[in-house]
Amino acid sequence: MKNLDNEKYILNIIKYSPIFLVLIISIITTQLFIYERNHSFNNDLKQIEETFYKENEDKVKEEVLKVYAFIKEKKEKSEENLKNEIRNRVYEAHQMATNIYEKESTIDENGIKHSKEHIFETIKSALGGIIYNNGRGYFFIDDENGTKLLQPLNEKLEGVNLSNYKDANGYQFVKKIITTIENKNEAFDSYYWYKAKDSSSPDQKISFYKYFEPFNVVIGTGEYVKDFEDELKSELLEKIRNIRFGDDGYIFMFDLEGNILSHYEKELIGKNGINEKNEEGRYLIKEIIEFAKEKDDRFINYISTVNPNKLVKNKDKVSYVKIFPEWNWLIGSGFYIKNLNDDIEKRKALLKESNEKAINNIIYLSLLITTIFVFISFYVSKIVKDKFKNYKIEIEKEIKNTLEKEKLLIQQSKMATMGEMIGNIAHQWKQPLSVISLSNGIIKLNREFKSFSEEEIEDAIKGIDDSVKNLSSTIDDFRNFFNPNKKEESFDIKDAFDKTFKLIDSQFKYNDIKIIKNIQSVIIDTYENELLQTLINILKNAKDELIKKDVNEKKFIFIDAIKEDKKLIIRIKDNANGIPEDIIDNIFGAYFTTKEETGGTGIGLYMSKNIIEHMGGTLSVSNVEYIHDGIKYKGAQFQIVLILC
């Protein structure tokens, strides 16, 4: 009944466990996918914030650096542009003077030819009337001695020799004009001069001179670098003030004095905000300037005073600032945190919606796949169940056949030794049969001759009785050995060896084999007859090998049976020089034998190993060397290990 319940339990496991397993795997997999999706979603949310923040930082930084590069490029080219401008101006004036000279030096339609003095005055009048750059620019004419011939903005200097004039740094710049006339070429010059009488410091001025051959003079003009740069700054600021990007991006600029140069709020341009506070009570422009001086090319957080979107509460701002040191300009741009957060929330909402759709798709797909696999599992489990039943029937048949074969093999193994056992019976019966024969002779003689006493007759009768009992005991021992008993029982290993020796002792004595025993008294629960058969097989093999030795050589078998921890260890070794190494690994194989000529079957050791393993133990063999009575021997050692309860 119990076996039927177990079988039913196993069949239910086969039937339902795949379905249950599919459901568990499906649930776990789905949860893992959902967890991974949510984890990815959270990472994406965090990534969105970081990415948006970084993108906005990169954007405003890029815009500031573009403006910075634009200003730097214009600044670096300003001197070159200035030189090109004044050179072109001089070229135009030179061409004009050349045209006047060529026209006035020829005879006109009235037959009049003008003097050089008249022509020169005409040229002076033409060039002196040209004023440009908002009244700053003019043309001048100097002769080879350094005398000023034309100075339209200061006519008092005309006719004055300025050859020894020095600029604010002591440079005699008029000498450059004289040299240009001597070389009859053109040249640039740079010197420092005061723009006005009340100027406290000189400014750099760049001039260009070109030789005018008809009068051996130079025509020149010049421009103060500061005036040119101021005009350039105005042009650049006008362009920068119109820069817009994104929803509310613009460029703000201050000088390091706090004057606002560019801003989204046009009305702030030109004002000084160094002492203006924001809502936090911070001197914002002053703080930004100080921050930029200490940490140029960095980001700063603050509450802005204005917002292009006119949202009063939307003034938290992050700006990137950088100083243009040549002009002491601070260039900056930023983004508003609220606007950024609004964009982030929009992106998060889209991402959340996408995540929910993905999770729903995962659940739907998981349900579909689970349903499919449940049906497949149910079908497969049914097939497996049917296969199991068929295999069970076949296994039962196979087990039955195996058990029958095992019984047959054990019996064959016993029968294989029966001939030898019969020889053992014959040896053990010789003595009691001799006693019976002798006692019987005494009784016969006494009946004829009455030559024995009553006591001798009683002894003879007693001898017959004891011998008969001995013969009967011997028969019982051998009958018990051949009895196929499969019942486990408790017995002392010492008694088991005694029974073994009773069965085989005569053969060992006959072949002059000495058995040296070291057997402890150990109680064991197992199959006694099977263990006896194993011991007999091992001892018989040892005897067969020892018989091969020289007649005069000593023959030993050593038996040790000891208890170690919870194990019974039996070691049986001989001094027959061991098993050849090329066959030692094969001796437990079925039908392996080296005794074909003497009728060996090769099942003795094979069955012995099976018997011991069936008992839950191990049987192994090895070649060992040892010393006994001071003499070194070599032989095969069989070791049996059995677990004690």
Side-chain angles (χ1 to χ4, degrees), residues 413 416-417 420 423-424 493-494 496-498 500-501 503-520 522 531-565 567-613 617-642:
S413 179
T417 58
E420 188 168 349
N424 289 339
I493 193 65
K494 201 165 187 179
F497 271 105
D498 288 343
T500 301
F501 296 139
L503 295 173
I504 63 173
D505 190 51
S506 59
Q507 288 292 324
F508 284 80
K509 288 179 180 178
Y510 176 78
N511 290 289
D512 198 23
I513 297 172
K514 185 176 182 181
I515 298 177
I516 300 172
K517 309 169 190 173
N518 175 28
I519 302 170
Q520 296 179 357
V522 180
L531 181 59
L532 291 180
Q533 182 178 353
T534 299
L535 296 174
I536 289 172
N537 281 333
I538 294 171
L539 290 169
K540 176 179 175 297
N541 279 331
K543 180 203 72 175
D544 292 342
E545 294 301 317
L546 288 170
I547 289 173
K548 297 176 183 178
K549 290 172 68 69
D550 188 278
V551 176
N552 296 319
E553 286 188 78
K554 293 182 178 180
K555 303 178 185 66
F556 296 110
I557 293 178
F558 298 87
I559 301 175
D560 294 292
I562 58 175
K563 181 181 179 182
E564 290 184 4
D565 296 330
K567 297 176 182 177
L568 171 63
I569 298 177
I570 301 171
R571 296 188 183 95
I572 301 172
K573 64 186 175 186
D574 55 45
N575 65 333
N577 295 322
I579 303 170
E581 293 296 332
D582 59 337
I583 66 169
I584 193 169
D585 293 332
N586 302 323
I587 64 169
F588 292 116
Y591 306 108
F592 178 82
T593 181
T594 58
K595 306 173 186 176
E596 294 90 343
E597 296 178 358
T598 58
T601 62
I603 62 171
L605 289 177
Y606 168 73
M607 285 306 305
S608 297
K609 186 173 179 65
N610 283 349
I611 288 169
I612 297 301
E613 289 177 352
T618 60
L619 172 60
S620 59
V621 65
S622 61
N623 291 322
V624 295
E625 292 182 351
Y626 57 93
I627 296 174
H628 177 67
D629 290 340
I631 301 174
K632 185 176 182 181
Y633 295 104
K634 179 180 179 181
Q637 175 176 279
F638 287 83
Q639 177 172 287
I640 298 171
V641 179
L642 296 173

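- Counting heavy atoms from C-beta outward, I612 and L531 have side chains that approach closer than 4.5 Å.
- We find the NZ-CD1 distance between K543 and I536 to be 11.0 Å, quoted to the nearest 0.5 Å.
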Working note: T500 + L539, criterion side chain to side chain contact (heavy atoms under 4.5 Å, CB included); need CA distance, chi angles, decisive distance, verdict. CA-CA 9 Å; T500 301; L539 290 169; 3.8 Å; yes

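- Here the straight-line distance linking atom OG1 of T618 with atom CD of E613 works out to 8.0 Å at 0.5 Å rounding.
- Applying the side-chain contact (heavy atoms from CB on, under 4.5 Å) test to A496 and every residue at least two apart in sequence or in another chain returns F491, I493, E528, L532.
- With contacts defined as side-chain heavy-atom distances shorter than 4.5 Å, the pair E581/N623 qualifies.
- A distance of 4.5 Å separates CG of L605 from CG of N541, quoted to the nearest 0.5 Å.
- Atom CD of Q520 and atom NZ of K563 lie 9.0 Å apart (nearest 0.5 Å).
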Derivation and outcome, side chain to side chain contact (heavy atoms under 4.5 Å, CB included), residues F588 and V621: CA-CA 9 Å; F588 292 116; V621 65; 3.8 Å; yes

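- Heavy atoms from other residues, nucleotides or ligands lying under 6.0 Å from CG of D582 number more than 12.
- Side-chain contact between T534 and I640: present, with at least one pair of heavy atoms (C-beta onward) separated by less than 4.5 Å.
- For the atom pair CD1 (I569) and CG (D560), the distance works out to 10.5 Å, reported to the nearest 0.5 Å.
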What verdict does the salt bridge (charged side-chain N to carboxylate O under 4.0 Å, His left out) test give for K548 and D544, after you've listed the backbone C-alpha separation in whole Å, the side-chain angles of each residue and the deciding distance to 0.1 Å? CA-CA 7 Å; K548 297 176 183 178; D544 292 342; over 6 Å; no

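- A donor-acceptor pair shorter than 3.5 Å cannot be found between the side chains of E553 and N575.
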Could you tabulate the donor-acceptor pairs under 3.5 Å formed by side-chain atoms of residues 625-638, not counting sequence neighbours?
{"unit_1": "E625", "atom_1": "OE1", "unit_2": "K632", "atom_2": "NZ", "d": "3.4"}
{"unit_1": "Y626", "atom_1": "OH", "unit_2": "D574", "atom_2": "O", "d": "2.8"}

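- With I519 as reference, I559 is the one residue of I562, D498, I559 to meet the side chain to side chain contact (heavy atoms under 4.5 Å, CB included) rule.
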Would you please test N537 and Q533 for side chain to side chain contact (heavy atoms under 4.5 Å, CB included) and show each step? CA-CA 6 Å; N537 281 333; Q533 182 178 353; 3.9 Å; yes

Side chain to side chain contact (heavy atoms under 4.5 Å, CB included) between I611 and L619: does it pass, once the steps are laid out? CA-CA 9 Å; I611 288 169; L619 172 60; over 6 Å; no

